[in-house]
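Notes for the one structure printed next.
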Amino acid sequence: MNPGTELGRYTVETRIEEIPGGERWAARDTTLDRDVTLVVMPSDADSTAAALDAARRAAGVEAAQLVRILDVGSEDGLSFIAEDAVGDATTYTEAIGTDGLPAEEVRRITGEVATGIEAARARGLHHLALTPDLVLLTGDGRVKVQGLATAAALAGIETEGEEADRDDATGVVALAYAGLTGTWPLDRPSGLPSATRDGSGPPPPSRVAVGVPGDLDTICRETLGEGTGPDSPGDYAAQIAPWSRIPLAGALRTAPSAADETTQTVPTGSRSDTETPDEAGGTGAAVAGGALAGGAAVASAADGDETTAIPRESDDEVTREINLRQREGVTATITRGDETPAGRSQRSRAARDDDSTQRLPRERSRDEGSRDESAHGRRTAAAAAAAAAAAGAVGTGGKVLGDRLGKAAKTAGGRSREAIHDARARREAIRADQRTRSSLGSAPTTAEVEAPAPLLPAEAGAPPSRRQANLVLVVMAGFVALACLFGGIGASRIGSGSDLGRILGGDETTAVATSEDTGGSGSSSGGGEPLAIANAAGYDPAPGDGVEHNAEAPRVYDGNPDTTWTTEGYGSEAFGGVKQGVGITVDLGQSQSISSVTLQLPTSAQATVFAGEQPANSGTEVGRTQGRTGEVELQPSSAVNGRYVTVWFTSLTPSDDGRYRAALGEITVR
């Protein structure tokens, strides 16, 4: 497939990537004029049918964190799944890079992913193939997950039930591990390097990176190393909540390695010949303060673009500045949480007293093309080191300066610990409030609450008197007597409106019927009782289909002439030349003696009425009508017996819709 290929209403433009079982392309919906993403796969591949079925089911899941599935189709040997295009997004893999992400940003991203996957789990769907490559981060900070159910189907993964819940929870925890360490802990392919493993799995994030929160470190260790941890994505989200809905922009990442950092060795007590004593003294004071404060103090050069960071004791605890899109220039400093002010002061004094060399790792300038600014930064760093060494050798003035900076470091450290403590307290308060709200029936009760006032008087609880009991018995006896009376009246009238002997086929009924037949056939115009009709159906013999508006047939004996049965519509009065006629048959339940048949005809028509033991358009003729409307009574010339009466129409009348039909409002058989 090439750019410009058309699949249905979509025109493919550029290939984004290859995926297991297919490819992902950017495309254009020519009908709705919008950008989409197409997952294209061979129609005859083993996994294609399962992927298309998974896409149809995933299209019904509504969650803001999931990439919407818009369409599914096949054409010219290719099948495709159309998804919403997220044009301004980068993958989670690209955001992690080689340095990882700030811990609170990892909490936010994985929390949003878990929320979306949990919404799908509530609809019976799972992802089962989560990787950093399938998590997208838009320019405004939204989190989108691709490949719900479809990625697993293309990869041939088939897991259900609690095991699928657990696999998705493990996938979300693996995303958190990747964001903290910059490595991927699972076996499924990913764009990140694989995490190192020992006998029990990957090491906890706290052994690889600095600044890892305790709850994330524990969840990663239990899930990836011990096989326990959350049972579902929703369980993970509940354990790490709450998180900020606003992305953390412009923070300093904690990198697990400092191998790519450039360093510069400066002898203690030396000074660049190009700097004045005033410049060296000013810079030295700044660096001395940074050494006493411990770790993350920054000294700015004159142009503000070059920074020099004082390193910690370990080479793998380095901070790098990152600028996320749309919020450039905002920075925050991440320091080690286990570093005490006393320890920092001791390391500062040791740095002042040491006569050997110091290694000052330097942050790379944003404008790496300016060699003059880089050289100026190196001179500033050298002056800072020299001033720090000189401050250690100064007597009373250096001691006073060190004491003041030490107090400032203690104050800053105390504020940092208080902020961490307050954040933990707020999180615990939120979780306790959620547990309280979800617990039913846990409200305390007190003995001081007065009992509610009774709804009935106190004497209502006393047993009834003899007089009251006798009154109740009399009322009940009256109801029983009335019920018996009405029941007897109803039983005596059963069968009063029908001839049971004729229905049951008794000898006496047959004799009476014979007497009526011989007493002058056709002379009793409408004088007899109408015979009961058990059923009715349209009559359409071959070459017809045997059905002629059967659902309307009961209208011909419902007692209402305004409700009519009509034939199907035909192209001409003579049934369009396809048949000779159509009709409707009524069933009397058993063979009866028929003296007359009365028809209610809404439109003029030619019809013949037949009677017999089977529905037919031939046999014993009762009578016929030619172009008459309204009430038409037909009487046979001789005695007629039969169970079925068929009205056979041989011509049709034009109707309002331009077709030709016949109609019958009511039929009465006597």
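Here W25 pairs with nothing under the ring-ring contact (aromatic ring centres under 6.0 Å, His included) rule; sequence neighbours left out. The ring-ring contact (aromatic ring centres under 6.0 Å, His included) check on Y570 picks up F575, with sequence neighbours excluded. For T5, there are no side chain to side chain donor-acceptor pair (under 3.5 Å) partners two or more places apart in sequence or in a different chain. Shown here are the side chain to side chain donor-acceptor pair (under 3.5 Å) partners of R166, two or more places apart in sequence or in another chain: there are none.
With 3.5 Å as the limit, one finds a donor-acceptor pair spanning the side chains of Y236 and T110. For the residue pair S43 and S79, a side-chain donor N or O sits within less than 3.5 Å of a side-chain acceptor on the partner. Side-chain atoms of H126 and D165 form a donor-acceptor pair, as typed in the model, at a separation below 3.5 Å. D558 and T563 are linked by a side-chain donor-acceptor pair at a separation below 3.5 angstrom, with hydrogens and angles left out of the test.
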For residues 531-541, which side-chain N or O atoms pair as donor and acceptor with protein atoms under 3.5 Å away, sequence neighbours left out?
residue	atom	partner	partner atom	Å
D540	OD1	K579	NZ	3.0
D540	OD2	D545	N	3.4
D540	OD2	K579	NZ	3.0

Please report, to 0.1 Å, the donor-acceptor pairs under 3.5 Å made by any side chain of residues 597-617, with sequence neighbours excluded.
residue	atom	partner	partner atom	Å
Q600	NE2	E631	OE1	3.1
Q606	NE2	Q626	OE1	3.4
E613	OE2	S591	OG	3.0

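Residues L148 and A58 come closest through the heavy atom pair O-CB, 3.9 Å. Of all heavy-atom pairs spanning P230 and V173, the tightest one is CG-CG2, 4.0 Å. Residues L52 and I81 approach most closely at CD2-CG1, 4.0 Å, considering heavy atoms. Smallest separation of non-hydrogen atoms from G642 and L588: O-CD1, 3.8 Å. Closest of all the heavy-atom pairs between H127 and A152 is O-CB, 3.3 Å. Among all heavy-atom pairs drawn from P132 and T93, the shortest one is CB-OG1, 3.1 Å.
A salt bridge links R15 with E18; the closest basic N to acidic carboxylate O contact falls under 4.0 Å.
In summary, of the residues considered (D29, D84, T37), a side-chain contact (heavy atoms from CB on, under 4.5 Å) with L70 occurs for D84 alone. Among H549, E552, R659, E548, the single residue meeting the side-chain contact (heavy atoms from CB on, under 4.5 Å) criterion with T567 is E548.
Within the 4.5 Å cutoff, the side chain of V39 has heavy atoms near those of the E83 side chain. Between D33 and R28 there is a side-chain heavy-atom pair separated by less than 4.5 Å. You'll find the side chain of T653 stays beyond 4.5 Å of the side chain of E573, heavy atoms only.
Between the CE atom of M41 and the OG atom of S74 there is a distance of 8.0 Å, given to the nearest 0.5 Å. In this structure, E118 CD and D168 CG are separated by 9.5 Å, a value rounded to the nearest 0.5 Å.
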Checklist line | Residues T170, T223; criterion side chain to side chain donor-acceptor pair (under 3.5 Å); working and verdict | finding: CA-CA 7 Å; T170 302; T223 304; over 6 Å; no
